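For reference, the structure discussed in these notes is given below.
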Protein chains: 2
Amino acid sequence: MTLSKTSARYGEQVPTPHYGQPRYRTIADELRQRIESGVIPPGALLPAESALTAEFRASRGTIRQAIALLRAAGVLVTDHGRGTYANPGSPVGDSASEVETRERHIAANAEIASLFAVEVGTVLIEHRSITRTNGAVSLVVVKYRLLQLQRDCLRVP
Amino acid sequence: MTLSKTSARYGEQVPTPHYGQPRYRTIADELRQRIESGVIPPGALLPAESALTAEFRASRGTIRQAIALLRAAGVLVTDHGRGTYANPGSPVGDSASEVETRERHIAANAEIASLFAVEVGTVLIEHRSITRTNGAVSLVVVKYRLLQLQRDCLRVP
DNA sequence: AGAAATTTGTCCGTATGTATC
DNA sequence: AGATACATACGGACAAATTTC
């Protein structure tokens with residue numbers, strides 16, 4: 001029911017709710033900014049997870065989720081008993097972009113239905129892809145395709 | 001070493017130790033095999049996380065780690081309140097297909113505006129792509145981009 | 001070389017929010 | 001509106017790799 005804006009700010013303890021951005025993404029953005037701004041130079045070790053836990057007042061799992069995000073983006077590298085450090089060999093370091101995708105079934109509206117030459121209300125697959133560059137949404141891609149089962153593509157073992 | 005009694009076999013449940021492969025990877029391999037072997041056909045929903053928890057006798061976090069692995073590999077797709085299913089796989093790309101594209105400027109509606117975090121009515125670039133396979137429309141892709149990128153690349157070293 | 005401390009890896013259980021059916 | 005299912009977050013425990021003493 002679309003609750004009005006709760007004036008909850010981060011930095012304090014949030015029980016569980018994720019307003020707007022989840023906590024781990026906020027932390028990831030903060031860490032990436034530190035790297036891009038030079039606070040954490042390339043190759044330098046980040047504070048230990050236990051330290052980040054204390055600083056961001058988040059659980060270790062949440063910190064690790066944030067780190068995993070940046071590791072997947074190639075921004076960070078982690079060695080087992082050693083630590084996590086800023087990847088010295090990141091191409092631009094700046095244009096790190098993450099893609100978030102999502103698929104769902106939808107009923108075709110008039111516009112889409114006419115494109116596919118099907119009846120309005122026909123179930124289609126909608127594939128959404130949101131690309132964030134430096135944390136900001138830079139590209140949105142929406143794909144539509146028919147729900148028909150594809151007998152043409154067979155998996156090879 | 002010299003501790004020859006590290007065996008906490010317990011029969012079925014492993015308390016914490018990870019022998020050889022971590023548990024979540026073993027589970028991921030098992031799930032992948034089910035998909036490739038056809039036990040879980042493309043597009044079919046996987047059992048819910050709660051069900052997998054019971055079947056593999058693992059915690060939900062571990063199940064989710066396994067699923068995340070396959071999702072990153074493009075094997076699985078997850079919808080929020082719906083479920084996780086085997087990725088139907090590659091789009092068409094089968095027989096002769098033609099692509100028709102068009103690009104134009106549009107004003108952001110409420111939905112798109114919120115995604116980009118801009119005001120409704122902001123001018124965006126819309127790129128449409130219609131793919132016809134054997135004459136019939138099989139795929140429609142709509143991309144949205146900001147008209148001006150904000151202070152991204154092009155940094156002086 | 002060995003032992004302890006540090007740090008990341010894995011796993012569990014629980015609670016609550018949010019989206020979908 | 002209720003049930004179901006995924007998402008986020010917390011806290012604790014132990015394992016494994018590395019560093020330090």
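Chain letters run A, B, ... following the sequence lines, proteins first and then strands; every chain starts at 1. What you see is a predicted model, and the numbers here were worked out from it, not measured in a lab.
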Q) Is the phosphate of dT8(C), meaning OP1 or OP2, less than 4.0 Å from a side-chain N or O of Arg64(A)? A) no
Sorted by chain and number, sequence neighbours left out, salt bridge (charged side-chain N to carboxylate O under 4.0 Å, His left out) with Glu111(B) holds for Arg128(A)
Salt bridge (charged side-chain N to carboxylate O under 4.0 Å, His left out) filter on Asp79(A), not counting sequence neighbours, yields Arg82(A)
Whole-Å distance, Arg23(A) CZ to dG17(C) C1', equals 15 Å
### Query
Can you tell me if the side-chain N/O atoms of Thr84(B) get under 4.0 Å from OP1 or OP2 in dA5(D)?
no
To the nearest angstrom, the CZ-C1' distance between Phe56(A) and dG11(D) comes to 20 Å
Notebook entry, point to check: Mind checking whether Val141(B) and Lys143(B) have side chains closer than 4.5 Å, heavy atoms only?
Noted result: yes
By side chain to side chain donor-acceptor pair (under 3.5 Å), His105(A) pairs with (sequence neighbours left out) none
To the nearest angstrom, the CD1-P distance between Ile63(B) and dA7(D) comes to 14 Å
Does any donor-acceptor pair link the side chain of Arg60(A) with the base of dG9(C) at a separation under 3.5 Å?
yes
Separation of dT10(C) atom P from Ile27(B) atom CD1, nearest Å, is 13 Å
Any protein N or O atoms within reach of nucleotides 19-21 of chain C? Criterion: under 3.5 Å, listing atom names and distances.
unit_1, atom_1, unit_2, atom_2, d
dA19(C), O4', His80(B), ND1, 3.4
dT20(C), OP1, Arg102(A), NH2, 2.8

Under 4.0 Å: is that the gap between some side-chain N or O of Tyr24(A) and OP1 or OP2 of dA9(D)?
no
Counting only pairs under 3.5 Å, give me each side-chain donor-acceptor contact of residues 45-55 of chain B, with atom names and distances, residues two or more places apart or in other chains.
unit_1, atom_1, unit_2, atom_2, d
Glu49(B), OE1, Arg60(B), NE, 2.6
Glu49(B), OE1, Arg60(B), NH2, 2.7
Glu49(B), OE2, Arg64(B), NH1, 3.0
Thr53(B), OG1, Glu49(B), O, 2.8
Glu55(B), OE2, Arg34(B), NH1, 3.3
Glu55(B), OE2, Arg34(B), NH2, 2.5

**Prompt:** Across the strands shown, which category fits Gly61(A) at heavy-atom distances under 4.0 angstrom: base, sugar-phosphate, nothing?
**Reply:** nothing
From CD of Gln65(B) across to C1' of dT8(C) the rounded distance in Å is 13 Å
Closest to the side chain of Glu49(B), out of dG9(C), dC6(D), dT10(C), is dC6(D)
Taken to the nearest whole Å, CG/Leu52(B) to P/dT4(D) is 17 Å
Here the distance between atom C1' of dA16(D) and atom CD of Gln21(B), to the nearest Å, is 16 Å
Thr62(B) side-chain N/O to dC12(C) phosphate OP1/OP2 under 4.0 Å:
yes
Considering only heavy side-chain atoms of Arg71(A), the closest of dA5(D), dG9(C), dT8(D) is dG9(C)
Thr84(A) meets the side chain to side chain donor-acceptor pair (under 3.5 Å) criterion, sequence neighbours left out, with Thr78(A)
Here the distance between atom P of dT7(C) and atom CG of Leu46(A), to the nearest Å, is 13 Å
- Contact check, side chains of Val142(B) and Tyr144(B), non-hydrogen atoms, under 4.5 Å: yes
Against the side chain of Thr78(B), the closest entry in dT8(D), dC10(D), dA7(D) is dA7(D)
